[in-house]
Structure formats: structure tokens, C-alpha cells
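In the text below, chain A, chain B and the rest are named by the order of the sequence lines, each starting its count at 1. All values reported here derive from a predicted model rather than from experimental measurement. These numbers come from the heavy atoms of this one structure, side chains and all, not from hydrogens, waters or symmetry mates.
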Protein chains: 2
Amino acid sequence: MISSTEVIDELKRIVKQKGLKYTEQREIVLNILINAEGHLSAEEIYNLIKSKKRESSIGIATVYRALSFLEEVNLITSIAFGADGKKYESNTKEHHDHLICTNCGKIVEFMDNEIEKRQDNVAKKNNFKITSHSMQLYGVCDTCQ
Amino acid sequence: MISSTEVIDELKRIVKQKGLKYTEQREIVLNILINAEGHLSAEEIYNLIKSKKRESSIGIATVYRALSFLEEVNLITSIAFGADGKKYESNTKEHHDHLICTNCGKIVEFMDNEIEKRQDNVAKKNNFKITSHSMQLYGVCDTCQ
DNA sequence: GTCAATGCAAATCGTTTGCATGAAC
DNA sequence: GTTCATGCAAACGATTTGCATTGAC
């Protein structure tokens with residue numbers, strides 16, 4: 001687990017190293033994801049920014065550009081939750097998979113070392129060099145049953 | 001594994017039972033998915049129909065409507081492959097997961113009983129009643145490395 | 001004849017792009 | 001001052017909808 005200031009510093013480092021510019025907007029987007037409980041869509045992030053700090057405006061295009069950039073430099077990760085489109089989470093979190101309630105939308109994160117090991121195994125057997133994986137279990141949660 | 005005529009009969013049964021109408025279009029879409037090797041998008045199915053039988057026309061909207069319907073009654077399943085949008089496969093196939101090459105798009109299907117077992121376990125521990133799951137391993141395949 | 005399904009075109013949604021302007025360096 | 005990032009609006013691709021017509025029953 002990495003602290004949030006460390007991630008922001010990392011962003012500054014990457015931006016400088018690439019000869020790019022450090023902007024408030026990229027920091028805001030990253031900060032929101034660091035402090036977010038769950039997984040956010042581009043639109044949700046956009047709305048959060050607009051409602052929280054009404055003095056500074058931000059364009060939805062900038063949110064998308066920031067998200068692509070942050071994912072490219074591996075500070076955040078996107079996951080495609082069914083039809084709902086892409087959602088993002090910051091990489092400050094440990095790796096984990098998702099249990100999703102199809103009724104209320106509740107998401108429980110979990111991690112199973114044995115599954116991870118077996119996934120690597122499957123990949124090896126098929127001569128794939130794994131870069132990432134995505135695993136979601138869909139069902140009905142405790143309270144919704 | 002279920003035979004393709006059985007699936008078509010199943011479709012006829014469901015349609016009748018729901019008091020709906022049996023149309024050639026729904027049958028065509030289902031048939032394409034039954035006979036398809038891999039996973040097809042709505043657009044790919046649409047193009048297949050247009051090229052194969054140029055006498056009968058079909059609208060893209062009808063393809064989408066047929067796909068939603070068939071998924072709803074559980075004759076086909078959709079999977080969201082990253083940014084490429086939804087793809088469909090018929091439920092005649094055994095359950096399996098996917099290994100996806102991020103370079104050439106090649107998809108390898110696999111099945112691991114131990115992983116399945118562990119998934120059920122995780123669900124039980126969290127009091128979820130699992131309805132389905134989706135698992136994709138992303139990486140670079142043999143020939144692309 | 002009734003009602004659902006279709007085909008088409010228009011509408012909508014999420015996302016991306018072009019371009020002039022503004023901000024970081 | 002140069003160059004990258006931004007904001008806006010227009011463009012885009014995938015999917016959905018409204019509506020008049022067609023086809024299954």
C-alpha cells in the first residue's frame with residue numbers, strides 16, 4: 001500500500017521525466033480516485049469536480065484525457081463492469097477482484113492467492129505472457145436475497 | 001453440450017410461452033451464434049447476415065433487439081472485451097473463461113475446475129448467491145511475443 | 001383483425017478530436 | 001516564448017428509440 005502524497009509525487013516525477021506539464025486538473029482527477037471508496041466512471045468524476053469546487057471549471061474531455069494518461073502511466077486501473085462502461089480505481093489499492101451484486105450494485109473486493117496462482121499456470125500452459133486480468137463474480141448479495 | 005436444433009426448439013418454446021411471435025430474424029441471429037467459431041459483435045452478425053443472404057434484409061436495430069432478447073432468455077451470453085464493446089456467444093458451449101492477446105486479439109478459451117471451486121467459495125464466504133462470472137486474462141500470446 | 005416485430009431514420013449515450021486560447025516551464 | 005494542456009463544440013461509433021409498416025398468430 002502506497003500513501004496518497006507518494007502517488008501525487010510519483011505523478012509529478014513522471015510528468016517531469018516525460019517533459020510534460022504538471023496541471024491542476026490531472027492532480028484533481030488522481031486525488032479523487034485516491035480518496036474514492038469505490039470505482040468511478042469518467043462522468044461521475046466530472047460531476048464530483050463540478051459540484052465540489054464550483055470556482056474552477058473542468059471539461060469532460062479533460063477528465064477523459066487525464067484518465068487515459070493516468071492509466072497509461074499505471075497510476076490508475078480501469079475495469080469494464082458489464083454494460084455500465086469503464087470505471088476507474090487508483091493503484092494505491094492492493095490487487096483484488098470483484099464480487100458484484102446485480103441487484104443493488106454493491107461491490108465487494110476480494111483476493112485469493114490460489115486463484116492467482118492458477119491463473120498464472122493457465123497462462124504459462126498457453127504460452128501467454130500475462131499483463132493483467134479482470135475477474136468479476138456476479139450474484140445477489142446478502143441483504144438483497 | 002446441447003445440440004443446435006434443441007436450442008432452436010428451445011427458442012420456439014420460450015417465444016410461444018411468452019405469447020410472443022416467432023420470427024425468422026431471431027432464428028437467424030441465434031443460428032449464426034450457434035455456428036460461430038468465436039465471439040461476435042452485433043455489427044459482425046449484422047454484416048454476416050447481409051453478405052450471406054442478400055435476398056432477405058435485416059436492420060441493425062433488429063440485430064440488437066434480437067441479441068438483447070436472446071440474452072434475456074439465457075440462450076446466449078455477452079462478454080465485454082475491454083474497449084472493443086460487447087461480443088456474444090451461444091450457450092451451447094460449455095462454461096469457460098478467456099485468455100486474450102492484447103496484441104492480435106486472439107482468444108483462447110480455458111476452464112479450471114479448481115478456480116471455479118474457489119470462486120464458489122469466495123461467494124459463499126461473502127453470502128453472495130452467484131449467478132454468473134466473467135474472467136479474462138490479458139496478455140501477449142505465443143506468436144506475438 | 002390484433003398485436004408484436006421489423007426496418008428505417010432520428011435520437012441518444014459515452015467518448016474522442018480539432019482548434020483557438022490559456023498555463024506551465 | 002515555446003510547447004503542452006485545456007475548454008468548448010463538433011464529430012464519432014455503438015446502441016436505442018419513435019413510428020409507420022409488415023408479418024405471425
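With B:Asp112 contributing its side chain and B:Glu114 its backbone, the two residues share a donor-acceptor pair below 3.5 Å. Within the 3.5 Å criterion, the main-chain N or O of B:Glu109 finds no donor-acceptor partner in the side chain of B:Asp97.
Protein atom CD1 of B:Ile14 is 14 Å distant from nucleotide atom P of C:dA5, rounded to whole Å. Here D:dT6 presents its C1' atom at 14 Å from CG of A:Leu20, a figure rounded to the nearest Å. Taking atom CD1 of B:Ile49 as the reference point, atom P of C:dG7 lies 9 Å away to the nearest angstrom. For the pair B:Ile60 CD1 and C:dA10 C1', the interatomic distance rounds to 16 Å; values are reported in whole Å. The distance between atom CZ of B:Phe69 and atom C1' of C:dT6, rounded to the nearest whole Å, is 15 Å. Taking atom CD of residue A:Glu71 and atom C1' of nucleotide C:dT15, one finds them 14 Å apart after rounding to whole Å. If you measure from atom NZ of A:Lys86 to atom P of D:dA14, you get 15 Å, rounded to the nearest angstrom. Atom NZ in B:Lys16 sits about 17 Å away from atom P in C:dA4, given to the nearest Å.
Nearest nucleotide to the side chain of A:Glu43, out of C:dA4, C:dA24, C:dG14: C:dG14. When the nucleotides D:dT17, D:dC4, D:dT6 are ranked by their closest atom to the side chain of A:Thr62, D:dT6 comes out on top. Taking every side-chain heavy atom of A:Lys21 into account, C:dA23 is the closest of C:dA23, D:dT15, D:dG23. In this structure, the nucleotide among D:dC8, C:dC25, C:dA9 sitting nearest to the side chain of A:Ala61 is D:dC8.
Using a 4.0 Å heavy-atom cutoff across all strands shown, A:Arg26 reaches sugar-phosphate atoms only and no base atom. Using a 4.0 Å heavy-atom cutoff across all strands shown, B:Tyr64 reaches at least one base atom of the nucleic acid.
Proximity of A:Thr23 to the phosphate of D:dT6: a side-chain N or O atom is located under 4.0 Å from OP1 or OP2. In terms of phosphate contacts, A:Gln25 brings no side-chain nitrogen or oxygen within less than 4.0 Å of OP1 or OP2 of C:dA23.
Taking the six-membered ring wherever Trp is involved, the centroid distance between the rings of B:His98 and A:His133 does not fall below 6.0 Å.
Between the side chains of B:Thr77 and B:Glu89, no donor-acceptor pair is found at a separation under 3.5 Å. No side-chain donor-acceptor contact under 3.5 Å links A:Glu44 and A:His39.
Place B:Arg65 and A:Gly19 on DNA chain D by their nearest nucleotides, and A:Gly19 ends up nearer the 5' end.
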